[in-house]
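Working notes, beginning with the structure itself.
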Amino acid sequence: MKKFLLSLFLLGIVPGALLAQGNEAERVKERIPVAGNERNDVIFSRTFMLGESPDGVFLSGSRTGSSSIGVSIGIPVGKAFEVKFEPRATWLKLYYDPTMDTSKVFPSAITDEDLVFEKQRAFYLEVPIGFRLKLARNSRDNYKFLLEGGFNFGLNLGASSKSRFNVDLDNDGNNDSFSTIKTNGVNNLELLRYGPYGRIGTNWIQIYGFYRLSDIFESDATFNTTGTDMNFPAFPALELGFSISL
């Protein structure tokens, strides 16, 4: 009787086990979709102007440069390569340190100790066009490293200047307020801003550089703060900073 029951048990288990061994797991036929920011990003960039200040111009290197925000639009060419457009708004700021140095001539010849700062700001609509290479993808097929390079085209849409002074309201020897002078419509700016640019970094933060081939001010324009007409200064062309992609 025991042998009979054991035989029935084996007849039930063995075919089931063989059947289970014959069933293979279903393979995933579709690739995991690429994340949305593979092709479209909101990008913020901040650069600082590098190089020596022109004679008579006391630029603040830590504050002079550009800030921009735009939308990156990528057109894939293969798995790792993209043609990229980045319409963006850019603010270029030239920030001047106060100084008692009498060689100062731009943007004014003011060397008064009450001067807090002088600055100029220009606004541009820019469209960088470039090529992006995405590398080191992870298991979800999202890139972790990129190289990008191209050319930036910008159109000047306006500019302003601002100066600030300490003010002693009650003439007691203490500066207890500020006086700010702002002027809209700075003249003699070049209409176009253009040059090559590049990025290297991860999918969310990159080192960003731009080399301006255009002048900020018209090359033949002159100004007069010292009683003699002088050409506008030629500012350093290299800007280096970072970009953040969201």
Side-chain angles (χ1 to χ4, degrees), residues 23-51 63-94 121-159 189-216 235-246:
N23 289 338
E24 294 183 1
E26 184 178 355
R27 293 182 178 180
V28 178
K29 298 179 181 179
E30 296 183 0
R31 295 176 63 119
I32 298 174
V34 175
N37 62 5
E38 282 275 315
R39 298 182 182 178
N40 302 303
D41 302 298
V42 175
I43 298 182
F44 170 79
S45 298
R46 177 71 170 98
T47 66
F48 303 91
M49 190 176 289
L50 303 182
R63 297 186 178 185
T64 295
S66 65
S67 300
S68 65
I69 185 167
V71 177
S72 170
I73 302 170
I75 301 175
V77 181
K79 180 179 178 182
F81 193 70
E82 268 185 1
V83 177
K84 189 202 147 207
F85 302 87
E86 187 188 332
R88 68 188 187 188
T90 296
W91 293 264
L92 173 66
K93 183 169 69 173
L94 304 171
R121 186 168 69 171
F123 175 67
Y124 298 86
L125 180 62
E126 297 183 329
V127 183
I129 301 174
F131 302 94
R132 174 181 286 182
L133 185 63
K134 301 173 178 178
L135 303 171
R137 292 174 178 267
N138 61 17
S139 59
R140 290 187 59 83
D141 214 23
N142 297 328
Y143 73 94
K144 292 296 181 183
F145 180 74
L146 69 84
L147 293 171
E148 181 181 330
F151 204 86
N152 178 37
F153 303 88
L155 177 67
N156 175 252
L157 298 181
L189 286 170
E190 287 283 5
L191 181 62
L192 301 178
R193 166 180 155 95
Y194 54 87
Y197 79 93
R199 286 188 176 101
I200 181 171
T202 70
N203 58 338
W204 71 275
I205 187 167
Q206 309 95 38
I207 297 172
Y208 171 72
F210 171 64
Y211 189 84
R212 192 184 67 258
L213 297 178
S214 56
D215 289 327
I216 297 175
F235 291 92
L238 180 62
E239 297 179 26
L240 186 65
F242 63 91
S243 293
I244 297 176
S245 303
L246 304 175

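Computation of the quantities below employed the complete heavy-atom set of this structure, encompassing side-chain atoms and omitting hydrogens, waters and symmetry-equivalent molecules.
- Of all non-hydrogen atoms in Glu190 and Asn156, the two that sit nearest each other are O-CB, 3.7 Å.
- Remark: Phe151 engages Phe153, Tyr194, Pro196, Leu213 in a side chain to side chain contact (heavy atoms under 4.5 Å, CB included) (not counting sequence neighbours).
- The distance from atom CG of Leu133 to atom CG of Leu146, rounded to the nearest 0.5 Å, is 8.5 Å.
- Using a 4.5 Å heavy-atom threshold, the side chains of Ile73 and Asn40 count as touching.
- Taking every heavy atom of both residues into account, Tyr197 and Pro128 meet most closely at CE2-CB, 3.7 Å.
- Taken from OG in Ser72 to CD1 in Ile43, the straight-line distance is 4.0 Å, to the nearest 0.5 Å.
- Put simply, the side chain of Phe145 reaches to within 4.5 Å of the side chain of Ile200, judged on heavy atoms.
- Between the side chains of Ser45 and Arg199, at least one donor N or O sits under 3.5 Å from an acceptor N or O.
- Between Ile75 and Phe85, some side-chain heavy-atom pair lies under the 4.5 Å cut-off.
- Under the 6.0 Å distance and 45° angle rule, Arg46 counts as a cation-pi partner of Phe48.
- In this structure, Val127 and Leu155 have side chains that are not in contact, with every pair of non-hydrogen atoms separated by 4.5 Å or more.
- Between Ser214 and Leu192, the closest side-chain pair of non-hydrogen atoms is not below 4.5 Å.
- Pairing each heavy atom of Phe235 with each of Arg212, the nearest pair is O-NH2, 3.0 Å.
- Here the CG-CG distance, from Leu50 to Leu238, works out to 5.0 Å after rounding to the nearest 0.5 Å.
- Between Ser68 and Thr90, the shortest heavy-atom contact is CB-OG1, 3.2 Å.
- No side-chain N or O of Tyr208 forms a donor-acceptor pair with one of Glu239 less than 3.5 Å apart.
- In this structure, NZ on Lys134 lies 12.5 Å from CG on Leu147, to the nearest 0.5 angstrom.
- The aromatic rings of Phe131 and Phe81 sit parallel to each other, their planes meeting at less than 30°, with 60° as the upper class boundary.
- At least one side-chain heavy atom of Ser66 sits less than 4.5 Å from a side-chain heavy atom of Thr47.
- When the salt bridge (charged side-chain N to carboxylate O under 4.0 Å, His left out) test is applied to Arg88, the partners found at least two apart in sequence or on another chain are Glu86, Glu126.
- Counting heavy-atom neighbours within 6.0 Å of Trp204 CH2, excluding the residue itself, gives a total of 12 or less.
- Expressed to the nearest 0.5 Å, how far CD1 of Ile205 lies from CG of Leu246 amounts to 10.5 Å.
- With contacts defined as side-chain heavy-atom distances shorter than 4.5 Å, the pair Ile216/Leu94 qualifies.
- A donor-acceptor contact shorter than 3.5 Å is absent between the side chain of Arg193 and the backbone of Leu92.
- Looking at every heavy atom in both residues, Phe123 comes nearest to Ala89 through CE1-CB, 3.7 Å.
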